[in-house]
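Everything below concerns the one structure shown next.
Just so we're clear, the structure is a prediction, and the values are computed from it rather than from any experiment. Within every chain, numbering begins at 1; the chains are lettered A, B, ... in the order of the sequence lines, protein sequences first and strands thereafter.
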Number of protein chains: 2
Amino acid sequence: MITMQRGPQPADFADVRATNLAVVLRYVRGHAPCSRAEIAAATGLNKATVSSLVADLIDRRLLRETGLTEHRIGRPATMLVLDGSPYAAIGIEVNADYLTAVAIDLAGQQVLSWRRSFAGLASSPAQAATAIAALGRRAVNRVLKEERRVLGLTIGVPGLVDPDGVVIMAPNLGWHDVNLRDIVNRALGEPGFPVAVDNDANLAVLAESRYGEFAGAQNLVYLTGEVGIGAGIISDGRPLRGHRGFPGEIGHLTVDPQGPPCGCGRRGCLEAIAGISAIIARVLPEVAGDGDITDLQPEVDEVVRRARGNDPAALRALDEVGRALGIGVAILANLLDPEVVVLGGYFVPLAPWLLPAVEAELRDRRIGPEQGGARVSASILDHGAAATGGAATVLDHVDAGRLPRL
Amino acid sequence: MITMQRGPQPADFADVRATNLAVVLRYVRGHAPCSRAEIAAATGLNKATVSSLVADLIDRRLLRETGLTEHRIGRPATMLVLDGSPYAAIGIEVNADYLTAVAIDLAGQQVLSWRRSFAGLASSPAQAATAIAALGRRAVNRVLKEERRVLGLTIGVPGLVDPDGVVIMAPNLGWHDVNLRDIVNRALGEPGFPVAVDNDANLAVLAESRYGEFAGAQNLVYLTGEVGIGAGIISDGRPLRGHRGFPGEIGHLTVDPQGPPCGCGRRGCLEAIAGISAIIARVLPEVAGDGDITDLQPEVDEVVRRARGNDPAALRALDEVGRALGIGVAILANLLDPEVVVLGGYFVPLAPWLLPAVEAELRDRRIGPEQGGARVSASILDHGAAATGGAATVLDHVDAGRLPRL
DNA sequence: TTAGTTCGTCTTTCGACTAAACAAACTAAC
DNA sequence: GTTAGTTTGTTTAGTCGAAAGACGAACTAA
């Protein structure tokens with residue numbers, strides 16, 4: 001069945017072809033190696049049609065025949081596999097303290113993963129864009145050197161991003177109304193591929209739904225565990241966008257009206273209790289938080305060390321944090337009914353001590369039938385999740401039938 | 001562009017035809033009266049194609065030519081209008097204290113709206129299904145008497161409903177694992193149209209997005225104001241379904257840990273404060289709630305009377321309820337970024353006294369740029385919203401290209 | 001009356017899928 | 001070693017639906 005976005009949007013033969021090319025491509029992605037006959041049987045397409053589609057995809061170097069045949073009765077099949085190598089997509093993740101660049105090929109293989117430090121707050125948007133563009137250009141050149149075509153570049157930013165690539169607001173970078181897409185596009189000298197900008201949580205959750213532990217989940221929520229806490233939401237396989245493009249703002253949920261003060265002026269917000277700075281302040285009271293955002297990894301490592309050493313104060317603090325987080329997770333679970341809520345960022349190393357409390361709170365607050373319900377899990381993708389997700393958005397266009405032209 | 005649901009789902013000519021029929025149908029729905037040439041120009045379809053599509057739609061009596069022509073230079077156009085009259089869809093809403101039946105024709109005109117009292121908790125599921133089926137049959141007969149074909153019947157239930165029409169759990173009706181669709185189907189004697197069951201909030205929000213004050217909004221949330229409180233969510237123009245089909249469970253959000261006890265065993269849940277029974281108990285303490293759910297309209301009327309008479313206790317109570325509601329609305333607004341949060345059910349008559357507090361709380365808790373943000377509004381559809389939405393889901397199938405066969 | 005404009009249909013062409021026949025390549029069994 | 005049976009993938013003919021453009025119809029303006 002064909003569904004339509006909004007508005008009058010007629011279909012023609014080209015759409016049928018694109019749809020069916022995508023069907024074959026995705027089938028092979030999921031079932032490689034497989035034969036033409038198998039594709040025809042599974043998809044319901046005619047064998048002749050599949051042959052024609054496969055020929056087209058081989059022409060575009062998206063599929064490849066392998067000599068492999070299964071030794072069964074009858075004529076042996078020529079097996080097909082995805083050939084991701086001629087194309088790659090690039091994702092870049094901007095954070096307060098570092099940049100990450102990731103490139104993945106059409107088969108989903110990571111072909112490049114770089115991290116470089118970056119002084120987000122200390123840079124003007126123009127300087128930052130220059131740094132981002134420089135990293136992007138280096139990634140592009142690397143990809144080109146490997147004889148791959150670049151299909152697109154998507155940049156993840158921790159803040160509110162509008163659909164045209166304008167960063168409306170990014171507090172941890174100190175940005176307001178920065179048209180990052182245009183700036184990077186110009187800095188790259190109008191490259192032959194599309195540049196996009198999106199919210200980092202949106203991209204991270206996309207990465208989770210593709211390459212995470214629960215890859216393939218059509219409904220999942222990702223909680224960023226950085227200084228702030230945001231949620232990325234995949235609903236029915238697609239990112240939830242909202243009216244203005246700013247969903248997932250859960251950081252200032254009031255968890256405990258008598259809790260610690262938050263930067264927003266209220267008390268007991270989720271991120272004032274479970275944000276990484278708050279966790280560090282709670283577990284390591286002697287490390288006076290001076291509010292300056294630097295790389296927090298050393299402090300997080302120290303928190304992990306104390307927890308591992310069964311330091312009672314640390315364990316108690318992490319349990320309390322886990323309970324607060326559990327309240328937020330339970331709200332997400334009841335409101336959105338995801339298959340899983342994935343904890344990301346700095347929550348990952350702390351997960352062994354957070355998860356029991358989170359799960360207890362969730363069990364306690366879960367509505368609905370006894371069986372089933374949302375699970376909670378720590379991400380297995382580490383900090384590059386948003387960058388990987390950025391690259392994945394580019395590949396999604398191909399999977400949806402917009403094949404690169406020959 | 002053709003988008004695909006999950007999995008291999010090839011497209012063929014029939015899909016192209018269905019898509020384009022739907023494009024024309026929806027264009028006429030939005031721009032009637034209009035000519036074939038106008039449709040062709042606006043949609044990009046060829047004039048000949050439009051003629052063919054229109055002929056098909058006229059054959060199925062979905063469109064009608066009017067004699068009206070615009071008197072401009074050139075050959076006058078034959079204008080087309082939607083002809084909803086030959087078909088109607090029926091929606092039935094089940095509540096703890098009443099049933100509502102609504103029928104709307106393809107043009108969106110309400111052709112029938114009935115309400116009858118109903119003792120939800122006092123009836124066994126079988127008895128209830130009999131009552132529902134009886135109401136459905138009467139509605140079907142009325143529609144048939146008007147020479148309309150029934151396209152489908154959708155039943156809205158306040159509870160968790162799985163995609164096969166099984167009511168997993170409906171606390172306010174006392175139901176568990178009731179296959180309502182099958183029961184009603186059988187009670188109707190296997191009618192020639194599809195019977196579906198869905199959550200009432202899902203259906204109500206659909207009605208809001210079609211026929212409410214904010215008709216056309218692609219992102220909106222509806223809060224049911226009955227004994228329980230649930231949220232229906234439209235995201236990107238489509239209902240949010242979740243993994244198991246049970247999203248929108250916001251009723252047991254903890255608003256005030258020291259608040260009144262809730263049926264779920266916790267204290268201060270949103271619906272223990274802002275559910276209609278809670279409101280009545282708070283404003284009319286002398287009306288001893290005996291837990292028996294009957295038609296609450298008289299009590300609600302009395303609450304309205306007192307508020308209108310500026311009874312200080314009533315005003316204070318409603319302000320407190322409004323604040324609690326505002327906390328819930330703010331969470332929804334920040335998490336989902338809707339264009340508007342619509343209050344439904346018994347909230348509607350109370351809206352003049354609830355909204356100020358809700359809006360104040362929302363303003364206070366809103367994250368994001370100063371300009372914009374979600375609005376709050378009382379529904380103009382009143383109690384039949386879920387029933388109307390049920391009928392609307394049926395019509396959506398037609399709008400999506402599944403035309404009734406000749 | 002004539003020129004100009006717009007509408008909607010008709011005819012042809014083209015692209016994409018389907019159905020069915022068929023050749024190719026293999027296994028199994030006698 | 002031959003033959004029957006099975007499966008693969010291509011070929012050929014056929015169908016369907018949209019696009020393109022010509023064309024007649026119906027009107028206004030001059």
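- The side chain of B:Thr78 has C:dC7 as its nearest neighbour among C:dT11, C:dC7, D:dG17.
- The interatomic distance linking B:Asn46 (CG) with C:dC14 (P) rounds to 16 Å, in whole Å.
- Atom CG of B:Asp12 is separated from atom P of C:dA19 by 10 Å (rounded to the nearest Å).
- Set against D:dG21, C:dC7, C:dT18, the side chain of A:Ala48 has C:dT18 as its closest nucleotide.
- Across all strands shown, A:Ser35 has heavy atoms under 4.0 Å from sugar-phosphate atoms exclusively, and none from any base.
- With C:dT11, C:dA16, C:dA19 as the candidates, the nucleotide lying closest to the side chain of A:Val16 is C:dA16.
- Considering only heavy atoms from C-beta on, B:Met79 comes within 4.5 Å of B:Ser35 through its side chain.
- B:Arg241 has a carboxylate O that lies under 4.0 Å from a charged side-chain N of B:Asp198, or vice versa, which qualifies the two as a salt bridge.
- With a 4.5 Å cut-off on side-chain heavy atoms, A:Leu80 and A:Ile39 count as touching.
- Of all nucleotides listed (D:dG9, D:dA18, C:dT18), D:dG9 comes nearest to the side chain of A:Ala77.
- Of all nucleotides listed (C:dC7, C:dC17, C:dT18), C:dC17 comes nearest to the side chain of B:Phe13.
- Contact annotation: the side chain of A:Pro239 approaches that of A:Leu206 to within less than 4.5 Å [non-hydrogen atoms, C-beta and beyond].
- Listed nucleotides C:dT18, C:dG8, D:dG9 differ in distance to B:Lys47; the shortest reach to its side chain belongs to C:dG8.
- For D:dG17, the OP1/OP2 oxygens have no side-chain nitrogen or oxygen of B:Asn20 closer than 4.0 Å.
- Distance A:Leu21 CG to C:dA16 C1': 11 Å, rounded to the nearest Å.
- If you take CD of B:Glu65 and P of D:dA26, they are 14 Å apart, rounded to a whole angstrom.
- Surrounding CD of A:Glu147 are at most 12 heavy atoms belonging to other residues, nucleotides or ligands under 6.0 Å away.
- Put simply, CG on A:Leu53 is 10 Å from P on C:dA16, counting in whole angstrom units.
- Counting to the nearest Å, the C1' atom of C:dC10 and the CZ atom of B:Arg36 are 14 Å from each other.
- Here B:Arg17 reaches the OP1 or OP2 of D:dA18: one of its side-chain N or O atoms lies under 4.0 Å away.
- Here C:dG15 presents its C1' atom at 13 Å from CG of A:Asp56, a figure rounded to the nearest Å.
- In this structure, A:Ser51 does not reach the D:dG9 phosphate: none of its side-chain N or O atoms is under 4.0 Å from OP1 or OP2.
- If you measure from atom CG of A:Asp15 to atom C1' of C:dC17, you get 15 Å, rounded to the nearest angstrom.
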